[in-house]
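Below is one structure, written out as structure tokens; the observations come after it.
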Amino acid sequence: MRVLLLGGGGREHALALGLAADPAVQTLIAAPGNPGIAALADIRDVVAADPGAVAALAVETGVDLVVVGPEAPLVAGVADAVRAKGIPVFGPSAEAARLEGSKTFAKDVMTAAGVPTAGAYTCTDADSVAAALDAFGAPYVVKNDGLAAGKGVVVTDDRASAEEHARECGRVVIEEYLAGPEVSLFVVTDGEAAVPLLPAQDFKRVGDGDTGPNTGGMGAYAPLPWAPPGLVDEVMRDVVHPTLAEMRRRGTPFAGLLYVGLAITASGPRVIEFNARFGDPETQVVLALLETPLAGLLHAAATGTLADHPPLRWRDGAAVTVVVAAEGYPATPRAGDVIAGADRPGVIHAGTRRDADGTLRSAGGRVLCGTATGSDLAAARDAAYELVRGIELAGSHHRTDIAAAAVEGRITIPA
Ligand code: AMP
């Protein structure tokens, strides 16, 4: 199989590791890639969110499968353009990617499908914002109603900050606050058949103890020792299959990766959000545990043959990833700093670039992810932090509590 992978972050480095390890993959091409991916794939330059350019590259390189990593190309219609050339693509159509691209659309689909989620209002002016904030009370949840790379959400007890975020965004979705631990569940689907991956948890806030602003994600672990038995089956039954059925009913089936972000509340799992692609950094830990060849799985989803795919096989144990972020991330990340200690197995490149002389430099907010597996969560966590300790990057910061509460048995579901 010849595979073209689109994107250049940590998620795509993790996908590249999985694809390159699949014995069915003879050639892996990545665009635009990054220095970590360059060790596994031929790198091509393309504007990943330009449907015509990506389709032309897929034709030129004669690939059998295109895997779209990030959300922006999906919302721009890259999967449609590639599919129109008769090339299988793992990633939903632009219409279906609206499950991520518009919070209002996602709420409409959930309501029609009877999916348990937070109550919400879409607001466009100060009066409707005030009414919605009054209706739900604190803590206030205010979401930009468009793609915001995971950073368009403000959760706060401070009324003025909630109103200010709403003003800045223009069109927002204001939601009921959902209390309970969060779960990220990735589901591979061809639009009809659906296969869940292992549930994972990520860490959105920049600081230890879930303090500071939201980020793209500062670390993750899988599986979840505290998850209620039957959680995945319940989410497949009550969330995933009804949502896929509603998307088919609308004539816009969702095929690709449905990312279900959930809060496990006192009344059961509630959807916080859908994404239309693998999450970053949960992909790093979930794929580290997947034994089933990745390209075969994604190809089955891309060709509508997922129902015939054998059950997934998983490695025993657990995986942890810890993000090393640039100074100033998330507000004003500094780029261009020299990195040492990154060229080791398990160090995933998220925001890096390499000079002509081979020097590795930071080139993004989230720079590297120390990713390790272990016989249990505690061992995986120790190994991930050992990797992080070996990384040198001036001014960088990372959370020190990734997976700590789970290891210590401190995660509880509200009664
Ligand atoms: P989102 O981009 O929708 O995933 O939101 C980012 C983060 O904000 C989530 O991972 C949650 O931690 C938090 N969040 C979003 N919606 C809610 C909600 N309704 N209740 C509580 N927390 C939320």
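Sequential numbering from 1 along the given sequence is applied to the chain's residues. Predicted model, so just to flag it, every value in this text is computed and none were measured. We count ligands from 1, going down the list as the structure has it; atoms in each ligand are counted the same way. Hydrogens, waters and symmetry mates are skipped; everything else that's a heavy atom, side chains included, is used.
- Salt bridge present: Arg354 and Asp343 bring a charged side-chain N and a carboxylate O closer than 4.0 Å.
- Between Tyr177 and ligand 1, no N or O atom pair is found at a separation short of 3.5 Å.
- Of the options Glu182, Arg205, Lys204, the smallest heavy-atom separation from atom 12 (O) of ligand 1 is shown by Glu182.
- Leu231 has its side chain within reach of Pro269: a pair of non-hydrogen atoms, C-beta onward, lies under 4.5 Å apart.
- Side-chain contact between Ile348 and Leu17: present, with at least one pair of heavy atoms (C-beta onward) separated by less than 4.5 Å.
- Lys107 has a carboxylate O that lies under 4.0 Å from a charged side-chain N of Glu175, or vice versa, which qualifies the two as a salt bridge.
- The proximity of Lys103 to ligand 1, defined as any non-hydrogen pair under 4.0 Å, is limited to the side chain.
- Under 4.0 angstrom from ligand 1, the non-hydrogen atoms of Val141 all belong to its side chain.
- Residue-ligand proximity, Glu273 to ligand 1, at heavy-atom distances under 4.0 Å covers atoms 1 (P), 2 (O), 3 (O), 4 (O).
- The heavy atom nearest to atom 3 (O) of ligand 1, out of those in Arg270, Lys143, Glu100, is found in Lys143.
- By the 6.0 Å and 45° rule, Arg11 does not stack over the aromatic ring of Phe278.
- Close approach of ligand 1 to Val155 (heavy-atom distance below 4.0 Å) involves ligand atoms 8 (O), 13 (C), 14 (N).
- The N/O atoms of Ile272, backbone and side chain alike, include none that comes under 3.5 Å of an N/O atom in ligand 1.
- Between the side chains of Glu282 and Ser184, a donor-acceptor pair is found at a separation under 3.5 Å.
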